[in-house]
Amino acid sequence: MYTEKLMQLFMNPKNVGRIEDADGIGEVGNPVCGDVMKIYLKIEDDRIVDVKFETFGCAAAIATSSMVTELVKGKTIEEALKVSNKDVAEALGGLPPQKVHCSLLAEEGIKAAVDDYLAKKGNTKREASETKQCAKA
Amino acid sequence: MQTMNRFVYLDHSATTPVDQKVLEAMLPFFSMDFGNPNSLHAWGRKARQAVDQARDEVSRLINAEPSEIIFTGGGSEADNIAIKGVALAKKDKGRHIITSAIEHHAVLDTCKWLEKEGFDITILPVDEYGTIRPEELRKAIRPDTILVTIHFANNEIGTVQPIEQLGNICREQDVLFHTDAVQAAGHIPIDVKKLPIDLMTMAAHKMYGPKGVGALYIKKGVKIVPLIHGGGQERGLRSGTENTAGIVGFGKAAALASDRLAKGEPEKERNLRDRLIDGILEKIEDAMLTGHRTERLPFHASFCFHYIEGESLLLRLDALGIGASSGSACTSGSLEPSHVLLAIGLPHEIAHGSLRLTLGKDTSEEDIDYVLENLPKVVESLRVMSPYGKRG
Amino acid sequence: MQTMNRFVYLDHSATTPVDQKVLEAMLPFFSMDFGNPNSLHAWGRKARQAVDQARDEVSRLINAEPSEIIFTGGGSEADNIAIKGVALAKKDKGRHIITSAIEHHAVLDTCKWLEKEGFDITILPVDEYGTIRPEELRKAIRPDTILVTIHFANNEIGTVQPIEQLGNICREQDVLFHTDAVQAAGHIPIDVKKLPIDLMTMAAHKMYGPKGVGALYIKKGVKIVPLIHGGGQERGLRSGTENTAGIVGFGKAAALASDRLAKGEPEKERNLRDRLIDGILEKIEDAMLTGHRTERLPFHASFCFHYIEGESLLLRLDALGIGASSGSACTSGSLEPSHVLLAIGLPHEIAHGSLRLTLGKDTSEEDIDYVLENLPKVVESLRVMSPYGKRG
Ligand SMILES: Cc1ncc(COP(=O)(O)O)c(C=O)c1O
Ligand SMILES: Cc1ncc(COP(=O)(O)O)c(C=O)c1O
Ligand code: FES
Ligand code: FES
């Protein structure tokens with residue numbers, strides 16, 4: 001069902017945890033749906049210098065969380081916002097169709113965290129994305 | 001994470017390995033005594049004898065008459081034959097059928113389909129342990145009720161139903177009573193001469209027999225309309241060339257199950273299972289047993305662990321060589337966690353963290369030790385990742 | 001009577017022995033790789049892979065896509081799923097179904113049951129060779145016709161139908177076409193990409209696979225209502241835990257049949273069969289071949305012998321180690337001889353004397369010699385007893 005790459009990341013995810021003095025925090029998903037992803041960003045000069053995640057969810061949710069944090073680390077926030085769920089799925093060697101929403105969650109998680117950062121800076125040039133939405137609904 | 005050093009299969013509610021003795025009994029019927037039981041020649045007669053013997057063995061497991069057993073292509077098929085068969089046979093008498101909220105889909109979806117076809121279905125609720133209250137059944141029966149179908153024991157949470165009381169209510173009201181005993185048969189004693197049961201479903205592969213063969217007990221005198229028409233095999237109630245090897249395997253599995261029940265072996269399984277339950281509840285915080293504590297299948301343990309999700313849990317266990325299952329929505333790719341966990345009143349977020357561990361006759365103390373050593377670590381490792389996890 | 005010195009099984013239309021290679025392929029899936037294909041753990045994944053591979057192999061036999069194959073609990077079940085499935089799916093479009101007079105009971109009795117449920121059934125006649133004339137089909141199709149179900153080849157008399165012409169007529173009229181290919185699949189080349197077939201039934205045990213497992217080809221886009229509801233296996237069209245070992249056996253049997261077809265082996269069988277037919281007609285007076293002389297299954301020979309009765313004949317042959325079958329009324333304990341023999345216009349007294357000899361891939365020249373040596377004597381010995389028999 002899952003690719004080897006995905007299983008590897010699921011078993012040994014990167015960037016697990018929280019950043020206590022995060023510059024941006026995004027939380028997406030809904031416990032009722034069985035998946036919640038929380039992304040913590042440390043940002044310097046509009047560049048993501050550290051990122052961590054906490055995820056309640058299936059193997060795909062955990063692996064996509066891990067993958068998306070790796071994909072955005074070191075990127076500017078502008079570049080990070082361009083990381084799509086497709087990029088995440090591709091980097092994992094593909095996802096089973098019924099698990100695509102987990103990768104959507106990863107994309108939205110980053111966006112939510114960036115939004116939070118921008119909001120804290122008083123900059124609302126991006127529409128705040130809807131969080132706490134059931135990704136599957 | 002520690003390297004895998006053991007294979008521990010704890011998913012016997014999903015399916016069981018075929019017992020070596022069962023396989024040995026089956027083997028001659030593939031390539032040697034391969035005849036069609038409906039043929040008159042020597043090959044056919046040998047096959048017919050074997051099917052007859054298997055029917056004897058299966059009937060003896062539940063104290064039925066051989067003529068009250070028909071073989072089917074599995075448990076789901078037997079459920080469908082029973083429910084649709086009674087519905088069609090009795091549709092002129094009434095169109096009301098009663099079932100419960102925690103039936104297997106083979107029963108529930110069959111009832112839902114009948115509903116679309118003009119039948120009226122009442123779905124009884126269950127209490128927090130997954131028990132159907134006899135009073136609820138009594139209240140639900142109407143003059144046009146033709147069938148009550150309630151399972152003997154639940155596959156997800158292991159709860160055994162008060163079958164005698166439920167069946168007696170049906171008898172009093174002259175309503176047919178079908179029970180899906182796929183999980184119970186072969187594991188707890190069932191005597192259809194003593195219990196008020198009219199139809200009962202069994203499946204070989206849940207009692208160390210082969211997949212693809214089931215049986216339906218139909219009490220003498222109970223009439224049903226066949227679901228599969230054709231050559232008239234199985235008293236015209238399930239046409240098609242008999243799966244001789246599979247049926248022989250079922251017969252042997254039933255005979256071995258009768259022996260195990262007579263020797264009280266399920267009690268040993270129960271003790272081991274209790275050690276597993278107690279160990280898990282002791283070692284893991286924020287864990288709960290699902291289903292009834294005592295009125296449950298002897299080999300069955302099921303839990304919910306807060307803050308984590310079932311699929312991750314079972315895949316991490318799989319990586320350690322432990323085979324388990326979960327009723328989480330994510331394991332099935334569906335939106336909703338199992339209907340059983342919701343029906344016993346669990347909130348979604350807790351139902352997502354469900355785990356089922358079902359023991360087998362060959363499960364050892366060491367297997368249980370291995371799970372008790374590893375499961376707490378796995379739960380902890382996932383909780384560390386969870387935004388909800390308590391941290392020390 | 002001479003003592004038995006040989007076992008010659010000539011009833012391959014009833015069932016075939018499981019090929020040793022098929023059994024070997026199945027064996028791991030009973031006690032070792034016994035997982036439920038629906039489980040996520042290692043045991044389950046291994047079983048799922050095996051089922052997927054088998055689906056590939058079966059689809060390749062008939063040049064279908066794997067997603068167009070569903071596994072069932074046998075040939076009869078697949079016929080029932082197809083016919084009732086289309087009937088229920090299309091009942092709002094029309095309720096007319098066309099079949100033939102010489103179908104297997106799994107088709108005929110299913111149609112008769114649907115007739116009681118308010119469908120309208122036309123039963124096409126056949127000519128003296130058991131062929132359905134395409135013109136008859138064309139005349140029978142009406143605006144409310146939803147399904148035509150005509151078998152690929154007959155089990156009793158071996159006649160192969162003009163499937164391409166029949167199917168094309170259905171295509172022209174936009175009517176679904178189901179064919180029961182239980183006798184034909186694996187024995188004559190079938191390419192569903194070239195032939196105008198919408199649904200097609202197969203059974204493993206007629207091609208050296210195990211009993212109790214069948215398959216239904218459902219052309220992409222064709223919608224049917226399921227007959228067996230439940231866990232949603234086989235794309236929701238046949239619920240129930242998959243018979244993994246049986247399905248693996250079917251896959252292997254299909255792969256081996258593809259090989260035999262590619263190598264032209266059925267032609268060798270045909271030559272041997274022709275020697276049997278010619279020998280019998282030459283050596284036995286007042287004997288006739290039933291079914292078509294050339295448009296017939298390559299392994300199939302069937303006869304009527306005047307003045308004698310089929311059951312006596314086959315039991316005498318059985319005493320000599322020869323396994324055969326008959327469509328006589330007496331073999332089935334019914335009043336009427338086989339509906340097939342009556343439909344091709346045989347008078348009752350002749351139909352009673354029918355004998356079917358169906359060869360297998362391992363039938364040898366010596367087996368045929370043995371039959372050609374003994375059958376005439378047996379027929380003679382029974383005719384001597386008969387009040388109608390000619391005597392020398
Ligand atoms: C033409 C035909 N259709 C259907 C069947 C039914 O198959 P099964 O007996 O495997 O259910 C048979 C054989 O018995 C057959 O010969
Ligand atoms: C309670 C119950 N009923 C019915 C079934 C269906 O049996 P099968 O999958 O063998 O068709 C199962 C198992 O899957 C079950 O646990
Ligand atoms: S978190 Fe439920 S499917 Fe991925
Ligand atoms: S002669 Fe006895 S049944 Fe036909």
Side-chain angles (χ1 to χ4, degrees), chain B residues 9 11 14-20 23 26 30-32 34-36 38-44 72-77 79-80 104-106 109-110 112-113 203 205 210-213 227-232 239-246 311 314-315 317-318 321-325 331, chain C residues 9 11 14-20 23 26 30-32 34-36 38-44 72-77 79-80 104-106 109-110 112-113 203 205 210-213 227-232 239-246 311 314-315 317-318 321-325 331:
Chain B
Y9 181 79
D11 201 9
T15 196
T16 60
V18 172
D19 191 306
Q20 278 305 325
L23 182 55
M26 295 171 69
F30 290 110
S31 308
M32 201 172 60
F34 62 83
N36 185 321
N38 309 294
S39 298
L40 288 186
H41 47 59
W43 290 266
T72 71
S76 300
E77 189 176 292
D79 280 338
N80 277 260
H104 190 269
H105 283 291
D109 289 14
T110 298
K112 285 183 184 152
W113 181 75
H205 76 104
K211 298 182 204 1
V213 50
L227 186 64
I228 298 171
H229 294 86
S239 288
T241 300
E242 296 87 340
N243 175 0
T244 320
E311 189 203 270
L314 81 83
L315 287 179
L317 290 173
D318 179 53
I322 299 170
S325 87
T331 60
Chain C
Y9 181 78
D11 201 9
T15 196
T16 59
V18 172
D19 191 306
Q20 278 304 327
L23 182 55
M26 294 171 70
F30 289 109
S31 308
M32 202 171 59
F34 63 84
N36 185 322
N38 309 295
S39 299
L40 287 188
H41 48 58
W43 290 266
T72 71
S76 300
E77 188 176 291
D79 280 338
N80 277 259
H104 190 270
H105 283 292
D109 289 14
T110 298
K112 285 182 184 153
W113 180 76
H205 76 105
K211 298 182 207 354
V213 50
L227 185 65
I228 297 171
H229 294 86
S239 288
T241 300
E242 295 88 340
N243 176 0
T244 320
E311 189 201 89
L314 79 84
L315 288 179
L317 288 173
D318 179 53
I322 299 171
S325 87
T331 59

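What you see is a predicted model; the values in this text were computed from it and never measured. Here is how names work: the chains are called A, B, and so on, in the same order as the sequence lines, proteins then strands, and each is numbered from 1. Quick note: numbers below take in every heavy atom, side chains included, and nothing from hydrogens, waters or symmetry partners.
Counting heavy-atom pairs closer than 4.5 Å to chain C, the top-ranked of the candidates Ser239(B), Ala14(B), Gly246(B), Gly232(B) is Ala14(B). Of the listed residues (Leu314(B), Leu227(B), Thr241(B), Asp11(B)), the greatest number of heavy-atom pairs within a distance under 4.5 Å of chain C belongs to Leu227(B).
You'll find the side chain of Phe30(C) reaches within 4.5 Å of the side chain of Met26(B), heavy atoms only.
Only the backbone of Glu242(B) comes within contact range of chain C, judged by heavy atoms closer than 4.5 Å. Using a 4.5 Å cut-off between heavy atoms, Ser325(B) makes no contact with chain C at all. Looking at Leu23(B), the atoms closer than 4.5 Å to chain C (heavy atoms on both sides) all sit in the side chain, from C-beta outward. Only the side chain of Leu315(B) comes within contact range of chain C, judged by heavy atoms closer than 4.5 Å. Contact of Ala203(B) with chain C is not made at all, since no heavy-atom distance falls under 4.5 Å. Contact annotation for Ala42(B): both backbone and side-chain heavy atoms come within less than 4.5 Å of a heavy atom of chain C. Heavy atoms of Thr72(B) lying under 4.5 Å from chain C are absent altogether.
Listed for the Ser31(B) side chain is a donor-acceptor partner under 3.5 Å among the backbone atoms of Val18(C). The closest donor-acceptor contact from the side chain of Asp109(B) to the backbone of His229(C) lies at 3.5 Å or more, if one exists at all. Formation of a donor-acceptor pair under 3.5 Å by the Lys211(C) side chain with backbone atoms of Asn36(B) is not found in this model.
When ring centroids are compared, Tyr9(C) and His41(B) come within the 6.0 Å threshold.
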